[in-house]
Number of protein chains: 2
Amino acid sequence: MELDQRKVVILTTIIKNYLETGEPVGSRTISKYSGLNLSSATIRNEMSDLEEMGYIVQPHTSAGRIPSDKGYRFYVDQLMENHKHEIDDVKTEMFEKVDRLETTLKTLVRNLAENTKYAAVVTGPSIRTNKIKFIQTSLVDARRLLLVVMMQGNIVKTSSVVLDGAEELDFNRVLSINMLLNDVLNGLSVEDITEGRIGQLLARTSYKGTVKTIVDSILNMLDINLGESQIYTSGATNIFKYPELVDSDNASKLISAFETKDELASLVKESQEQADGKKPIQVYIGEESPLQNMSDCSVITANYELGNGLKGTIGVIGPKRMDYEKVLEILSKLQSEMDQAFQ
Amino acid sequence: MELDQRKVVILTTIIKNYLETGEPVGSRTISKYSGLNLSSATIRNEMSDLEEMGYIVQPHTSAGRIPSDKGYRFYVDQLMENHKHEIDDVKTEMFEKVDRLETTLKTLVRNLAENTKYAAVVTGPSIRTNKIKFIQTSLVDARRLLLVVMMQGNIVKTSSVVLDGAEELDFNRVLSINMLLNDVLNGLSVEDITEGRIGQLLARTSYKGTVKTIVDSILNMLDINLGESQIYTSGATNIFKYPELVDSDNASKLISAFETKDELASLVKESQEQADGKKPIQVYIGEESPLQNMSDCSVITANYELGNGLKGTIGVIGPKRMDYEKVLEILSKLQSEMDQAFQ
DNA sequence: GTTAGCACTCAAAATATTGGAGTGCTAACA
DNA sequence: TGTTAGCACTCCAATATTTTGAGTGCTAAC
């Protein structure tokens with residue numbers, strides 16, 4: 001059987017109607033709202049075909065139809081097609097005061113959740129590929145250094161380094177260590193800090209123990225921060241607005257996922273792999289979702305890339321009947337704005 | 001009417017049983033488990049009295065009784081009485097590696113939620129009263145300084161300061177500004193940084209614009225951090241374990257409160273005011289709770305005070321039928337350990 | 001190819017039935 | 001005077017039954 005023009009109109013009408021109401025859609029409704037001027041009986045025939053083709057399903061005999069995952073997929077693909085060129089140049093005030101990336105992302109994720117009424121997640125750029133911009137250590141007391149590392153995007157990480165005290169430090173010595181560290185490590189990412197580099201560092205100082213401890217501390221700090229703290233979330237409670245999620249226990253699973261954040265991390269990873277394959281925006285419908293046991297949810301992710309090569313992900317998680325059109329529009333707008341907001 | 005010994009035993013049995021099962025308790029059950037060797041009929045008479053006195057209520061005629069808020073209150077007060085001296089000297093490994101207070105608190109709150117199976121909240125010491133230990137500014141580029149402030153408890157705050165460029169800075173000038181800042185501001189809390197102090201600072205430098213900007217930035221940074229970021233939470237999803245909270249929509253309210261954190265801030269404030277009046281542990285039952293519209297929840301808070309005068313709050317939020325005994329024990333243990341863990 | 005008409009289906013809502021846990025009261029008992 | 005057995009009564013909760021109505025598929029006519 002073929003999906004002709006009329007079937008497409010009917011399918012689209014069913015889906016749009018279902019997205020709005022959340023109720024199964026019957027033939028009479030379509031007959032009235034499709035604009036096709038067909039009687040409900042004719043629509044019934046077509047719906048019967050659409051069901052056979054797998055685009056819609058009946059929750060039970062004598063109920064209206066709801067879109068199947070395949071139906072949603074068709075609808076979303078169509079949307080993506082039409083919206084490809086629609087990235088408009090409306091500028092929001094969001095990035096007016098870009099100073100520190102972290103602050104920006106926190107605001108971003110909150111706004112996103114508020115605008116969409118779904119749950120939102122945003123990740124900062126992966127620290128592994130982010131480059132060191134500036135290192136500073138300072139003597140807090142005899143045995144302790146405060147280590148401050150600033151990365152691109154003005155992300156600042158701090159850590160305190162406890163020394164064994166074998167090498168006595170004073171202000172000037174710390175100064176020279178700082179100069180050395182900046183000289184060798186600036187512009188490098190964690191991955192670039194190889195054994196060789198470290199050797200090179202140690203060769204140029206007589207405070208080998210101290211410098212070694214500091215470098216270990218830097219690596220350790222950036223490794224730890226690879227994980228959760230880079231994931232910002234908001235609006236998890238929006239999920240309670242959607243009864244179908246509350247009834248199945250998808251809601252509580254989602255809230256859990258938002259609390260522990262591990263699963264979100266794998267979602268982001270999956271999304272970024274897709275993005276590398278040149279798909280900047282992904283839509284995961286129901287079972288397709290990388291989140292475990294959340295067949296009633298859909299996930300939309302967008303990957304952004306800043307001018308300096310830093311990459312991150314923005315995502316929205318909602319019920320399967322989410323407003324794909326709106327979310328896609330918002331995400332693609334954000335995506336392009338992120339690019340522009342940082343040089 | 002008087003609450004004699006027998007009534008107390010019956011009331012306690014009712015409460016304990018209800019805490020375990022969550023089901024209304026009938027006279028036959030008490031007759032079997034109270035250890036009093038009384039028939040259910042006698043118990044019924046006593047229960048009738050207890051109801052009249054307001055310690056227990058019947059959800060409906062011909063159901064067992066459940067404790068009223070007054071009943072819980074009596075039970076908890078009794079517990080507090082008995083446990084006063086029970087702060088034992090068992091040491092957990094929790095504070096083995098105390099380096100930075102923030103890390104410790106994050107671990108603490110997670111453990112607390114896991115052990116109790118309720119929602120947990122922990123605040124770091126109020127920054128307003130916390131004292132500055134160390135200030136460092138460094139030139140990132142021509143127009144931007146990185147400002148790092150370390151407070152007592154090794155809490156580090158950073159911020160970037162954008163200069164207007166009117167005063168040209170170089171490495172040595174920044175150095176002298178650092179020395180001045182540390183000289184004047186170290187040991188002060190935000191509250192201590194008065195107009196007078198600022199004047200004093202400015203009088204001693206020729207880079208008045210820069211120093212003023214930095215000080216403003218410090219004040220601003222610490223003011224912002226007064227709020228949410230000092231509140232750590234965990235285990236909000238534990239709430240889903242308690243059907244009575246899920247059914248009333250107390251669960252979703254709680255999750256919301258844990259997401260936005262404003263309400264938790266006022267909870268902490270309330271608790272600390274109580275603590276100043278010499279009540280180190282508070283129990284809020286049902287309506288008594290400072291949280292809005294959470295009549296089915298109880299809140300237990302403990303205030304800790306570190307050796308250096310820093311104060312914070314630890315709290316557990318759960319259903320009204322939470323295991324008060326266990327939670328009180330854990331909190332009082334933590335409280336005393338916190339004191340010992342920091343010098 | 002389209003449509004009106006009709007019998008049929010089935011979930012959800014409304015209503016009825018039943019079972020059982022629990023109570024209060026009374027009268028008898030120690 | 002306090003305790004207890006016995007009994008009628010209440011009422012929630014679980015289960016069964018009925019009713020309702022939206023929606024379908026099929027058929028025959030246009």
Side-chain angles (χ1 to χ4, degrees), chain A residues 1-11 13-15 17-18 20-68 71 243-244 247-248, chain B residues 1-11 13-15 17-18 20-68 71 243-244 247-248:
Chain A
M1 210 175 322
E2 203 207 346
L3 195 64
D4 59 19
Q5 192 50 39
R6 195 166 77 176
K7 285 194 173 56
V8 171
V9 172
I10 292 174
L11 176 56
T13 311
I14 292 174
I15 295 181
N17 195 290
Y18 183 68
E20 263 179 49
T21 64
E23 296 290 316
V25 186
S27 54
R28 252 177 63 79
T29 316
I30 305 298
S31 157
K32 276 186 286 181
Y33 296 116
S34 70
L36 286 175
N37 255 340
L38 292 173
S39 80
S40 60
T42 313
I43 302 287
R44 277 203 288 283
N45 290 329
E46 295 286 27
M47 284 171 87
S48 178
D49 291 352
L50 282 170
E51 180 161 21
E52 202 181 319
M53 295 161 80
Y55 289 106
I56 53 181
V57 289
Q58 252 182 315
H60 51 264
T61 3
S62 87
R65 311 300 216 286
I66 62 175
S68 67
E244 70 264 42
D247 292 349
S248 70
Chain B
M1 211 173 325
E2 202 207 349
L3 195 63
D4 59 21
Q5 191 51 39
R6 195 167 76 177
K7 284 194 172 59
V8 171
V9 172
I10 292 174
L11 177 55
T13 312
I14 292 174
I15 295 182
N17 196 290
Y18 182 69
E20 263 179 48
T21 64
E23 297 288 316
V25 186
S27 54
R28 253 176 64 82
T29 316
I30 305 296
S31 157
K32 276 186 287 182
Y33 297 117
S34 70
L36 285 174
N37 254 342
L38 291 174
S39 80
S40 59
T42 314
I43 302 289
R44 278 204 287 284
N45 289 329
E46 295 287 28
M47 286 171 85
S48 179
D49 291 353
L50 282 170
E51 180 161 19
E52 202 182 318
M53 294 161 82
Y55 289 105
I56 52 180
V57 290
Q58 252 181 314
H60 50 263
T61 2
S62 87
R65 310 298 216 285
I66 62 176
S68 66
E244 70 265 42
D247 292 348
S248 70

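Chain letters run A, B, ... following the sequence lines, proteins first, then strands; residues in each count from 1.
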For Gln58(A) and dA22(D), give me the distance from atom CD to atom C1', rounded to whole Å. 12 Å

Go through the structure and list residues passing salt bridge (Lys or Arg N to Asp or Glu O under 4.0 Å) with Glu23(A), not counting sequence neighbours. none

For dG6(D), does the base pair up with any side-chain atom of Arg44(B) as donor and acceptor (N or O, under 3.5 Å, distance only)? yes

Sorted by number, residues from residues 34-42 of chain B placing a heavy atom under 4.0 Å from DNA chain D are Asn37(B), Leu38(B), Ser39(B), Ala41(B), Thr42(B)

What's the CG-P distance between Asp4(A) and dG1(C), to the nearest Å? 11 Å

If you define the side chain from C-beta out and look only at heavy atoms, does anything of Thr42(A) sit under 4.5 Å from Ser39(A)? yes

Over 12 foreign heavy atoms within 6.0 Å of CG, Asp4(A): yes

According to salt bridge (Lys or Arg N to Asp or Glu O under 4.0 Å), does anything in residues 54-65 of chain A pair up with another residue at least two apart or in another chain? List the pairs. Glu51(A)-Arg65(A)

For Leu38(A), does its backbone N or O pair with a side-chain atom of Ser31(A) as donor and acceptor, under 3.5 Å? yes

Taking only the side-chain nitrogens and oxygens of Arg65(B), find out if one of them lies under 4.0 Å from OP1 or OP2 of dG22(C). no

Length of the CD1-P vector between Ile43(A) and dA22(D), whole Å: 19 Å

How many whole angstroms separate atom CD1 of Ile10(B) from atom P of dG2(D)? 14 Å

Got Tyr55(B) and Ile14(B) here, is their nearest side-chain heavy-atom distance under 4.5 Å? no

Tell me if a side-chain donor or acceptor on Ser48(B) pairs with a main-chain N or O of Arg44(B) at a distance below 3.5 Å. no

Gap separating the CD1 atom of Ile10(A) from the CG atom of Leu36(A), nearest 0.5 angstrom: 5.5 Å

d(CZ, Arg28(B); C1', dT4(D)) in whole Å: 14 Å

Backbone of Ile30(A) reached by a side-chain donor or acceptor of Thr13(A) within 3.5 Å: no

Can you give the dot-bracket line for DNA chain D, where a pair is Watson-Crick or G-U wobble with both atom distances under 3.5 Å, crossing pairs use [ ], and | marks a partner on another strand? ||||||||||||||||||||||||||||||

Between Glu46(A) and Lys7(A) (side chain of the first, backbone of the second, donor and acceptor by atom type, cut-off under 3.5 Å), is there such a pair? no

Using a 4.0 Å heavy-atom cut-off, write out nucleotides 10-21 of chain C from 5' to 3' as B (base contacted by protein), S (sugar-phosphate only) or - (no contact). BS---------B

Please tell me if Arg6(A) has a side-chain N or O lying less than 4.0 Å from either OP1 or OP2 of dT2(C). yes

Please give, in whole Å, the distance from dT24(D) P to Asn45(A) CG? 11 Å

Heavy-atom pair with the smallest gap, counting every atom of Tyr18(B) and Ile66(B): CE1-CG2, 3.5 Å

Considering residues at least two apart in sequence or located in another chain, which fulfil the side-chain contact (heavy atoms from CB on, under 4.5 Å) criterion with Asp247(A)? none

Should Ser27(A) be listed as having a side-chain N or O under 4.0 Å from OP1 or OP2 of dT24(D)? yes

Without decimals, in angstroms, what is the distance between Gln5(B) CD and dG2(D) P? 17 Å

In whole Å, I'd like the distance from the CD atom of Glu46(A) to the P atom of dG25(D). 12 Å

